Amino acid sequence: MAEILPIKAWRYQESFKDRMEDLISPLFDVVSKKQRQALYENPFNSIHLSVPLGDHPALSAKVILEKWKQKGVIFQDQIPGIYVYYQYFKLPGEEKESCRKGFIAQIKAYDWHEGVVLRHENTIPKSVNDRVEMLKSTQFQPSPTHGLYEDPMHLLEPFLDEAIQDPIYDVEDYQGVREVLSVIHDLPTIRVFLELIESKSIILADGHHRYEAAIKYRNDMIASNPDHQGDEAYNYHLMYFTNAHSKDLRILPTHRLFTGNLSSENEILKKADEWFTIKKVFDSDEISELILHKQWAFGLVFKDSAYKIRLKPEKFEEFDLDLPEVVKSVDLMVLHYFFIQKVLGIDMETQRFSDNIEYERNLRRCVGRVGEGSADFAVITKEVSMTQVLEVCKTGFMMPQKSTYFYPKTVSGLLFASVDEQEFKFPYQAFRP
């Protein structure tokens, strides 16, 4: 079902190899202001292509990209390859190191209705529009999105393990994660990858905004090309693929911050009492543990107080949206319907556009925002399970925006991909299974 191709990747020239830690950068939607300021000081950091400065960022990225190509800051591999990408990491409290194994290739930017690439959460429109402008201006992809395929037999893993023994890069990133990249150029091996993925659907784990931008770009290009064939460069999108059956896939929670004086603490608690049981918590640092393994339980944090709230089981029957039961029962669906809509009064349909809601993965930073007064209050959430992600995707329905945070994040700068026709071209038919 899913058509993928190897890449003629763009990479930093060899003289930069020992400085890669100074050149990689976080993805555009997770980089903090402090991180940006530090990264911008390096004129060759990849952030200048992914989150460029200036009043016209897309134009700035185009100018920088052309300059880097002309001066040889980056060069293009002329042999198409599948790029093997391993991320070694430890989460707090874990002694054993984990390794998320995967590979990077180009996938056709299938529209959602084609049912090949499946999404599990909504997007925020303004973020999509920003990525479309970048893609139109540069015809360049500074970082891969993250897709999952189901391979319970782990058939590709031996090829990945063999290739990673000869890395191109082996660096530590801003998360403290060890990032290792290698490449497979062997034609028969590449065909194995293409053939296996061809029989799969792909579940989009991370990068919904960038992927949606790729769909829009592809559709715009098709509309303007009367000779469209389907194999043009604009049809393809850079993606990092990992096996959904891997034991080292991690999903972390994303908490909700609220601003704009929506209601007072007393008013919120009074309204919430109709739907939730409410228990005062004397130490907000304990909230994550108190809601762990409790269905439909959340932390509610104000400046000087904190509460554990949990949907009253009988109230679940009043969930009147026309959704499958497996979607309704996801904690974040319950949160967005019963708390954000019913208690706070922000309708489900408008939550994606609301300036009153912000998203924060780091619990300490989230609680700190409330304490310092830059947010009015916060809702602390739990992670969504991999099983729930797969189940929701297969229904064709979606969870709310920012429902999952797959950890670790991929980084920008290890390689880039072009959708400029001249830079993309190669005899791809030779790679077909």
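Since this is a predicted model, take the numbers as computed values, not measurements.
- Between F16 and F44, the gap from one ring centroid to the other is short of 6.0 Å.
- Inspection of the Y407 and Q175 side chains reveals no N or O donor paired with an N or O acceptor under 3.5 Å.
- No side-chain donor from either of H336 and Q341 sits under 3.5 Å from a side-chain acceptor of the other.
- Under the 3.5 Å distance criterion, the side-chain polar atoms of Q76 are matched with a main-chain donor or acceptor of K8.
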Let's go through T242 and H146 carefully: what are the C-alpha distance in whole Å and the side-chain angles of both, what is the deciding distance for side chain to side chain donor-acceptor pair (under 3.5 Å) to 0.1 Å, and is it a yes or a no?
CA-CA 8 Å; T242 57; H146 183 191; 2.7 Å; yes
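- Ring centroid separation for the pair F338 and F319 comes in under the 6.0 Å cut-off.
- Tested against Y217, the residues R131, K136, Q139, H237 include a single side chain to side chain donor-acceptor pair (under 3.5 Å) partner, Q139.
- Within the 4.5 Å cutoff, the side chain of L321 has no heavy atoms near those of the F397 side chain.
- A donor-acceptor pair under 3.5 Å is formed between the side chain of R100 and the backbone N or O of P408.
- For E289, the CD atom is loosely surrounded, since the number of other residues' heavy atoms within 6.0 Å does not exceed 12.
- A centroid separation of 6.0 Å or more is found between the aromatic rings of Y85 and F241.
- Using a 3.5 Å distance cut-off with no hydrogens or angles, the side chains of E383 and Y405 do not pair a donor with an acceptor.
- Taking the ring centroids of Y211 and W112, they lie under the 6.0 Å cut-off.
- When atom types are taken as modelled, the side chain of S329 and the backbone of E325 share a donor-acceptor pair closer than 3.5 angstrom.
- The ring pair (Phe, Tyr, Trp, His ring centres under 6.0 Å) with F103 is formed by just one residue from the set Y86, F193, Y240; it is F193.
- The closest donor-acceptor contact from the side chain of H228 to the backbone of M221 lies at 3.5 Å or more, if one exists at all.
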